[in-house]
Every structure is written in C-alpha cells, then in structure tokens.
Amino acid sequence: MKKGLFITFEGGDGSGKSTQISILRDRLSEAGCDVLLTREPGGTKISEKIRSVILDKENSEMEAVTEALLYAAARAQLVAEVIEPAIRKGRVVICDRFVDSSIAYQAYGRDLGEAVEVINSYAIGECMPDITILLKLDPHVGRRRINARDGDRDRIELASEHFHDKVYEGYLELEKKHSQRIIGIEADRTIEETAELIWEKISPMLGE
Ligand code: TYD
C-alpha cells in the first residue's frame, strides 16, 4: 500500500504560517509531489460550518469545553473525509494547524489539561502527523502583527494577552515532549531564511 506524508504547521496567531505553507506547497509541487493543502478548523463542508460557530465573536458565552469539543468534531470530519483518504493514495498532505493547536490553545490556553488529549485521540485515532513545523514567535510580536492587519478579529484573536502567553508556553512544552516529530523554528528571521530551514527538514522525508 502506498503511504503519503502528513505535514502539519503550528504556531501562535501572527507567526507567519500561511506564507510559509504556501512557499512549501509550491516547492513540493515543483519537486513532483501530489500535494493536498487543508486547514483547521475547516477543510470540509461540515468542518467549515463548525469553524464559523467557533470563531464567531458573537459567541462570547461559549464554554471552554464546548470550544474543545467543537475543534475535535471539526477535526474528526476532516481526518475521515480528507486527510486519511489522501494519505492512503500516497499524497503529501499539508494541514494548517492540527491536534497540537488544541493542546496549546485549549489544554494550556483554556486550562482544560489532559481532557483535551482524550477527546482528540477519539477524534483522530491513529492519524498523527509525520512531521510538525512549529513557527516560534514571541506572542507579543505576533499580536502586534495581527493588530496591524486590516479586518475584524475573530473570537480567539480577541482573547487576552495572558491567554496567548499560555498558548505559547504550551507549544514550547509540546516541542520538548515530542522532539522527534515537532521541529521548532524561530520565525523572527526573513521569509526566505525560514522557508529554507523548513525545506531542509522536509525534503529528506520525500520518497521515504
Ligand atoms: P485562523 O483564522 O485559521 O487562524 P490562523 O491563521 O492563526 O491559523 O483561526 C483559527 C483559530 O483557532 C486560531 O486562533 C487558533 C485557534 N485554534 C484553537 O484554538 N484550537 C484548535 O484546535 C485549532 C485548530 C485552532
């Protein structure tokens, strides 16, 4: 059976994930890979509907547990409908955020602790990334970048500075705990330098 490659990107809000993801997608396509790009929360019809409920800033009364379950529900659908079938076909899947986001934002940021892992292991089963790129940027710098952008802030972006500090701490803990899978890259360098560091990690995994 063919097996593809499952790559995820993680990082705080404003860490530059989208730019790096699109550069990596182009490089992989140029290298002849059949790439599928998706994002969380979202990526399927049902998951996009859940996304709009989660991020709607009108939903200020949402309980932390509700939030965690909704992210996991969106993820379960994405795994079953998109990610697993693509990997079975030998495709390279890049997902903008995955389960580590729930650990950082809900377990650490919202103080839900280990329950988040339990919920998510039920949602994703064995479907874990082969490699995770964590873009590390001081959350205060990330926040300044978000504030400088045009457009409305979503419910999570509007959460307190203290919340985003805890999220970042969560990511650093995850990087230590899963040092084989999670590759932390300081994201305060130029776009090209960061892209090069990412490519150095990913390219040896192609065709493995
Ligand atoms: P999005 O607009 O996709 O943000 P970004 O461009 O930073 O990825 O919004 C997703 C938001 O949801 C983001 O603030 C992180 C948060 N999030 C969680 O809190 N838990 C999760 O499990 C996931 C996937 C995202």
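If you're wondering where the values come from, they're calculated on a predicted model, not measured in any experiment. Order of listing sets the numbers, starting from 1, for every ligand and every atom in it.
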Pick whichever of F9, Y71, Y105 has a heavy atom sitting closest to atom 25 (C) of ligand 1. Y71
Identify the protein heavy atom lying closest to atom 14 (O) of ligand 1, giving its residue, its atom name and the separation to 0.1 Å. D13 OD2, 2.8 Å
With a heavy-atom distance limit of 4.0 Å, tell me whether L55 approaches ligand 1 through its side chain, its backbone, both, or neither. side chain
The closest protein heavy-atom partner of atom 20 (N) of ligand 1 is Q106 OE1, 2.8 Å
So which heavy atom in the protein is nearest atom 2 (O) of ligand 1, and how far is it from that ligand atom? R51 NH2, 3.1 Å
Using heavy atoms and a 4.0 Å limit, tell me yes or no: is E157 in contact with ligand 1? no
For C33, does its backbone N or O pair with a side-chain atom of R91 as donor and acceptor, under 3.5 Å? no
How long is the span from the OH atom in Y108 to the CD1 atom in I103, to the nearest 0.5 Å? 8.5 Å
Starting from atom 10 (C) of ligand 1, locate the nearest protein heavy atom and write down its residue, its atom name and how far away it is, to 0.1 Å. P41 CD, 3.9 Å
For atom 6 (O) of ligand 1, what is the nearest protein heavy atom, given as residue, atom name and distance? K17 NZ, 4.0 Å
Compute both the distance and the angle, then confirm whether R75 meets the cation-pi test with F98: under 6.0 Å from the six-membered ring centre, within 45 degrees of the axis. yes
Between D56 and R155, does at least one N-O distance fall below 4.0 Å, as a salt bridge requires? no
With a 4.0 Å cut-off on N to O distance, would you call R51 and E40 a salt bridge? no
Could you pull out all residues at least two apart from D130 that satisfy salt bridge (Lys or Arg N to Asp or Glu O under 4.0 Å)? K3
Is it true that atom CD of E61 has more than 12 heavy atoms of other residues, nucleotides or ligands lying nearer than 6.0 Å? yes
Do any heavy atoms of E67 fall under 4.0 Å from ligand 1? no
Closest protein heavy atom to atom 22 (O) of ligand 1, given as residue, atom name and distance to 0.1 Å: S102 OG, 2.6 Å
Name the atoms and distances for all side-chain donor-acceptor pairs under 3.5 Å in residues 187-194, with sequence neighbours left out.
from : atom 1 : to   : atom 2 : distance (Å)
R189 : NE     : E186 : O      : 3.0
T190 : OG1    : E193 : N      : 3.1
T190 : OG1    : E193 : OE1    : 3.4
E193 : OE1    : T190 : N      : 3.2
T194 : OG1    : T190 : O      : 3.1

Look at ligand 1 and say whether R75 reaches it with a heavy atom at a distance under 4.0 Å. yes
Would one find an N or O of R97, backbone or side chain, under 3.5 Å from an N or O of ligand 1? yes
